[in-house]
Amino acid sequence: MLGSVVVGIGIAGCVRMRDLLAPLPSSAAEKFSIKGFVSRRTLEDQQGVKQISVTEALSRDDIHVAFICTENTSHEEHIRQFLEAGRHVCVEYPMTLSYTSAVDLWNLAQQKGLVLHEEHIELFTPDFKQLKKDIAGKTLEEGTLHFTGGPLKSDFGFPSFSGIARLTWLVDLFGELTVTAASLVEEKENKYMKMTARFLTRQQKPLTWIEEHGPGLGRAKHIHFRFQDATITELPAGQREPVGLFMQDLVLFGRKLQGEVSAAELQEERSRILHCLQLADRIQQLSENTQA
């Protein structure tokens, strides 16, 4: 069994604890055993699990794995701490708020022979899986993904990082991208922002990604993908699955720890994650230059 600690008890942290306490039967998720949780706040037991300090989590011999579920701005520090202490790490996206630090952390994990796993539950959603099937073999001419949501918290990082799930969608659907332009409109007094990033695919086809956040904006994805023989303007309704998104991710992490994921699959995933972080970095640079 792999003794585990959950760091951060927000929505994701509570779901992680729930899944660790009741793992999917006969799956790799059964290999985890939760030993405690870490929080900045002093809390009572959560779901029957006791609170421990970071120092204890880093030093205990029976803790082998850390689930990092804190605010985005502190992911990098926590990952580094636990990797240095010889622990495997699962972290909510985005892994870090810079491409270079992500490369550094991945290299550190490899040096120590540890698994560093970045959660991307958006790739497990039924609508995404169905969309990927629907566009298989189609030739993209142009496309737009416009995401809306409520105001962003300051500790989420720049929108290209806090919204990296949408960027991951585009890369997983259409392959490696090149950023051609990016801009950010921000009205801090109104808690409103709109980031627009423009890309070219390897086939030199244009893609646009818009992240728009503000009071009263409902959480939604709007798509417009035009192909040679079809246009898709609504997300398909995929088949709902009995296993939750975080549990699917937990099983994947467990399979990695058991050596059940091929080196080729691991390399492909790492390349995609780092490519998305590199794009997010470039979008931030271009947006800040435009604002300046």
Side-chain angles (χ1 to χ4, degrees), residues 93-94 99 118 120-150 152 158-186 192-214 216-241 245 248 265 268-269 271-291:
Y93 71 74
Y99 165 71
E118 184 185 31
H120 275 289
I121 57 169
E122 75 280 4
L123 300 182
F124 295 136
T125 60
D127 53 359
F128 179 77
K129 288 178 179 177
Q130 189 60 50
L131 177 62
K132 194 167 181 179
K133 285 179 189 171
D134 290 351
I135 71 167
K138 288 181 165 50
T139 304
L140 181 75
E141 291 298 321
E142 63 175 343
T144 300
L145 171 57
H146 182 177
F147 179 83
T148 59
L152 279 177
F158 193 79
S160 57
F161 285 95
S162 65
I164 207 158
R166 270 71 71 188
L167 185 52
T168 303
W169 262 42
L170 293 176
V171 169
D172 203 65
L173 290 173
F174 303 115
E176 287 193 2
L177 304 173
T178 303
V179 184
T180 57
S183 61
L184 180 70
V185 175
E186 198 169 15
Y192 173 83
M193 57 75 42
K194 183 178 182 180
M195 181 197 78
T196 303
R198 301 190 188 283
F199 309 97
L200 284 176
T201 66
R202 279 185 166 173
Q203 294 74 36
Q204 302 300 296
K205 302 298 183 181
L207 266 177
T208 302
W209 170 34
I210 301 166
E211 284 278 309
E212 189 173 15
H213 291 266
L217 286 177
R219 188 177 176 85
K221 294 185 192 78
H222 309 274
I223 62 169
H224 189 282
F225 296 138
R226 183 168 64 84
F227 301 91
Q228 284 182 352
D229 56 351
T231 299
I232 298 177
T233 57
E234 288 187 14
L235 285 172
Q239 185 85 29
R240 194 181 170 98
E241 297 174 21
L245 301 178
Q248 290 182 52
E265 287 176 275
E268 185 181 345
E269 183 187 63
S271 296
R272 186 202 72 228
I273 289 170
L274 289 178
H275 178 58
C276 289
L277 289 169
Q278 195 168 25
L279 291 173
D281 244 353
R282 183 66 181 142
I283 291 166
Q284 182 173 358
Q285 290 168 11
L286 289 172
S287 299
E288 288 174 345
N289 289 344
T290 304
Q291 279 189 307

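Reckoned from all heavy atoms, side chains included, excluding hydrogens, waters and symmetry mates.
Within the 4.5 Å cutoff, side-chain heavy atoms of Leu152 are placed close to those of Pro159. Put simply, the side chain of Val171 reaches to within 4.5 Å of the side chain of Leu279, judged on heavy atoms. Asp172 places a side-chain heavy atom less than 4.5 Å from the side chain of Lys132. With contacts defined as side-chain heavy-atom distances shorter than 4.5 Å, the pair Glu141/Gln228 qualifies. The shortest side-chain heavy-atom distance between Phe227 and Thr139 does not fall under the 4.5 Å cut-off.
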- Query: Please walk me through it: do Phe158 and Met195 pass side chain to side chain contact (heavy atoms under 4.5 Å, CB included)?
  - Reply: CA-CA 10 Å; Phe158 193 79; Met195 181 197 78; 3.9 Å; yes
#### Entry: Trace of the side chain to side chain contact (heavy atoms under 4.5 Å, CB included) decision for Gln248 with Ile121
CA-CA 8 Å; Gln248 290 182 52; Ile121 57 169; over 6 Å; no
Side chain to side chain contact (heavy atoms under 4.5 Å, CB included) evaluation trace for Trp209 with Val179: CA-CA 10 Å; Trp209 170 34; Val179 184; over 6 Å; no
Evaluate the criterion side chain to side chain contact (heavy atoms under 4.5 Å, CB included) for residue pair Phe147 and Leu217; output intermediate values, then yes/no.
CA-CA 10 Å; Phe147 179 83; Leu217 286 177; over 6 Å; no
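The local environment of CZ in Arg198 is sparse, with at most 12 non-hydrogen atoms from other residues, nucleotides or ligands closer than 6.0 Å. When the shell of 6.0 Å around CD of Glu268 is examined, it contains 12 or fewer heavy atoms from other residues, nucleotides or ligands.
In this model, no donor atom of one side chain and acceptor atom of the other lie less than 3.5 Å apart for Arg226 and Thr231.
Checking side-chain atoms of Asp281 against main-chain N and O of Tyr99 turns up a donor-acceptor pair under 3.5 Å. Of the possible donor and acceptor atoms, none in the side chain of His120 sits under 3.5 Å from a partner among the backbone N and O of Ile164. Between the side chain of His224 and the main chain of Gly143, no donor-acceptor pair closer than 3.5 Å is present. Panel note: side chain Thr196, backbone Ile210; no donor-acceptor pair is recorded below 3.5 Å.
For the atom pair CZ (Phe225) and CG (Asp134), the distance works out to 12.0 Å, reported to the nearest 0.5 Å. Here the CG atom belonging to Leu177 is positioned 6.0 Å from the CG atom belonging to Leu207, to the nearest 0.5 angstrom. Here Glu211 contributes atom CD and Lys194 contributes atom NZ; the two are 12.0 Å apart, rounded to the nearest 0.5 Å. Between the NE2 atom of His146 and the CZ atom of Arg166 there is a distance of 11.0 Å, given to the nearest 0.5 Å. Here Glu269 contributes atom CD and Glu118 contributes atom CD; the two are 8.5 Å apart, rounded to the nearest 0.5 Å. Going from atom OG1 of Thr201 over to atom CD of Glu142 covers 11.5 Å, rounded to the nearest 0.5 Å.
What you find for Glu176 and His275 is that their closest heavy atoms are CA-NE2, 3.4 Å. The shortest non-hydrogen separation linking Ile232 to Glu234 is CG2-O, 3.5 Å. Scanning all heavy atoms of the two residues, the minimum distance from Ser287 to Ala182 falls at OG-CB, 3.6 Å. Shown here for Leu131 and Pro236, the closest heavy-atom pair between the two residues is N-CG, 3.5 Å. Pairing each heavy atom of Ile283 with each of Ala197, the nearest pair is CD1-CB, 3.8 Å. The minimum heavy-atom distance between Gly150 and His213, with the atom names listed, is O-ND1, 2.8 Å.
Under the ring-ring contact (aromatic ring centres under 6.0 Å, His included) test applied with Trp169, the options Phe174, Tyr93, Phe128 reduce to a single match, Phe128.
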